[in-house]
Amino acid sequence: MTVARAPRRITVAEAARHVGELVCIPGWLYNLRESGKILFPLLRDGTGILQCVASKAQLPESVFQAIKDLTQESSIVVTGTVRAEPRAPGGYELEVADLEVVQRVPESDPYPITPKEHGIEFLLDRRHLWIRSRRQNAILRIRHEVVKAIRDYFDSHGFTLCDTPIFTPAACEGTTTLFEVNYFDHDKVYLTQSGQLYNEATAMAFGKVYTFGPTFRAERSKTRRHLTEFWMVEPEMAYATLEDVKQVAEELIVFVVGRVLENRRAELAVLERDVSKLEAVQPPFPRISYDEAVRLLQSKGSPIQWGEDFGGDEETLLSEAFDRPVMIDRYPAAVKAFYMQPDPERPEVVLGVDVLAPEGYGEIVGGGQRIHDYELLVRRLEEHRLPRQAFEWYLDLRKYGTVPHAGFGMGVERCVAWICGLDHVRETIPFPRMLYRTRP
RNA sequence: UCCUCAGUAGCUCAAUGGUAGAGCAUCCGGCUGUUAACCGGAGGGUUGCAGGUUCGAGUCCUGCCUGAGGAGCCA
């Protein structure tokens, strides 16, 4: 293999800057159209897809024949001259001078994912190949942009990255939704479902922190919004309140969507995403209370009663009432986690907030202010029948210099699904893990 | 865990209880500007599995398996 050879090696994405130059591009054959003595191989290299042109009259017979015999996804290194060409998709094409076949996929076992339609089961079984396709490539590039934007936001706003453990000794909110793991000869441990409790410790050490990693939920959920393994960013701030959470969440979402609009226009175009919906994501986001949300739902015909948590239908109804993410705060304490700080003026509700993405994508952010009073936290642990011994270290945080503090979690996959306009989160991660799917 | 739906060629799908088909993919042939190219031809089937009803089952019945969509729960 002689990938690095005389002509300058470039990528498909760089082709427009090399018009008139002889270059070489290593990649794979995405598709081959032919018309007699002229061939149109489509070259894919991970940065894009470029149409090449090979004419019989201008190539040695052996090279022309080798191209004619190419099969889908064969690995090739194409040498040729870049040309601006209005007839080519994307406006540029590569006039082939030479082509090296690195590996030709045999026709006895052709590449299974053809340019035609396929069912979701077939594609998910071949996820390791499916990610090569134009659409999946665009989605995963946007995911990268989202992840990078999240990190850039926190890194430039005084937050310290403090990763939290994936093996955890006990439940954070009850054991039924945790994956159990045998840990040597001793106790069981569980895969984390949230880094939040540890974030509260690191926030007392560093002030403003975030953790960013995979989390695991052993829920038998089988919907377009659920994975059993998903990625979440969770910031936590000392000396902070519910209002601080709302402000940071709003800034973060605006920043992330802005970055995607700035850097991933081409990918959004591949997905045929209506970007005007994303351009509308500007501050301030509408802020309503749980009480107002219940009234709004009832006015739209929902049977919801005060005190009930929102289901998928309610979230969809609420998010469709606004053109940008909506923040809903002060939920009934009974439907929220044990660590949520009660509203001092109305103890039956807590200082928590959820952010619902527009267009029916549901909850992308959940968080709020945490209980900082030792006695109250002890009482809540008892009410929720949680083993106090496992939470002694957590209670320590309220014994040694406790302060009001707050934070939230944002789900990466739901965010990406919303930004990309997808109908299922499974396409937003390279290898999704779901209730009945752990392969490949 | 519950509800609904589906499983037929490599893929996507047809087929009143009566000879299992089409498009794409693959192979052969044609075409110098194709855009999921197009045109002509060829090969390709244990109809998810196991029973049952019937002269006859892809089709009807029972059970099982696999998957999809949704509910609850959640990001």
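Chain naming here is simple, since letters A, B, ... match the order of the sequence lines and numbering starts at 1 in each.
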Between A/R273 and A/E279, is the closest basic N to carboxylate O distance under 4.0 Å?
no
Would you call A/D354 and A/K336 a salt bridge, taking side-chain N to carboxylate O under 4.0 Å as the test?
yes
NA contact type, [X], heavy-atom cut-off 4.0 Å: base, sugar-phosphate, or nothing?
X      : answer
A/G119 : sugar-phosphate
A/K56  : nothing
A/P89  : base
A/L42  : nothing
A/R439 : nothing

Return no unless some side-chain N or O of [X] is found under 4.0 Å from OP1 or OP2 of [N].
X      : N     : answer
A/K222 : B/A68 : yes
A/H424 : B/G69 : yes
A/R83  : B/G33 : no

With centres under 5.5 Å and planes under 30° as the test, does A/Y436 stack with B/G67?
no
Reading RNA chain B 5' to 3', how would its secondary structure be written in dot-bracket notation, given Watson-Crick and G-U pairs with both distances under 3.5 Å, brackets [ ] for crossing pairs and | for partners on other strands?
(((((((..((((....[..)))).(((((.......))))).....(((((..]....))))))))))))....
Using the side-chain heavy atoms of [X], tell me which of these nucleotides is nearest: [options].
X     : options             : value
A/A57 : B/U32, B/G33, B/U1  : B/U32
A/E34 : B/A68, B/C31, B/C27 : B/C31
A/R33 : B/C73, B/A36, B/G10 : B/A36

Between [X] and [Y], is the ring centroid distance below 6.0 Å?
X      : Y      : value
A/Y339 : A/F391 : no
A/F159 : A/F206 : no
A/F310 : A/Y290 : yes

Hey, is the side chain of A/S221 pairing donor to acceptor with the base of B/G72 inside 3.5 Å?
yes
Qualifying side-chain hydrogen bond (donor to acceptor under 3.5 Å, both in side chains) pairs, either residue in residues 120-149 of chain A, two or more places apart
A/E73-A/R132, A/D125-A/R437, A/R127-A/Q136, A/Q136-A/E427, A/N137-A/R141, A/R143-A/E413, A/E145-A/N263, A/E145-A/R264, A/K148-A/D152
Atom pair distance, as rounded to whole Å: NZ in A/K336 and C1' in B/A75:
11 Å
Output all residues satisfying salt bridge (Lys or Arg N to Asp or Glu O under 4.0 Å) with A/R87, sequence neighbours left out; order by chain, then residue number.
A/E85
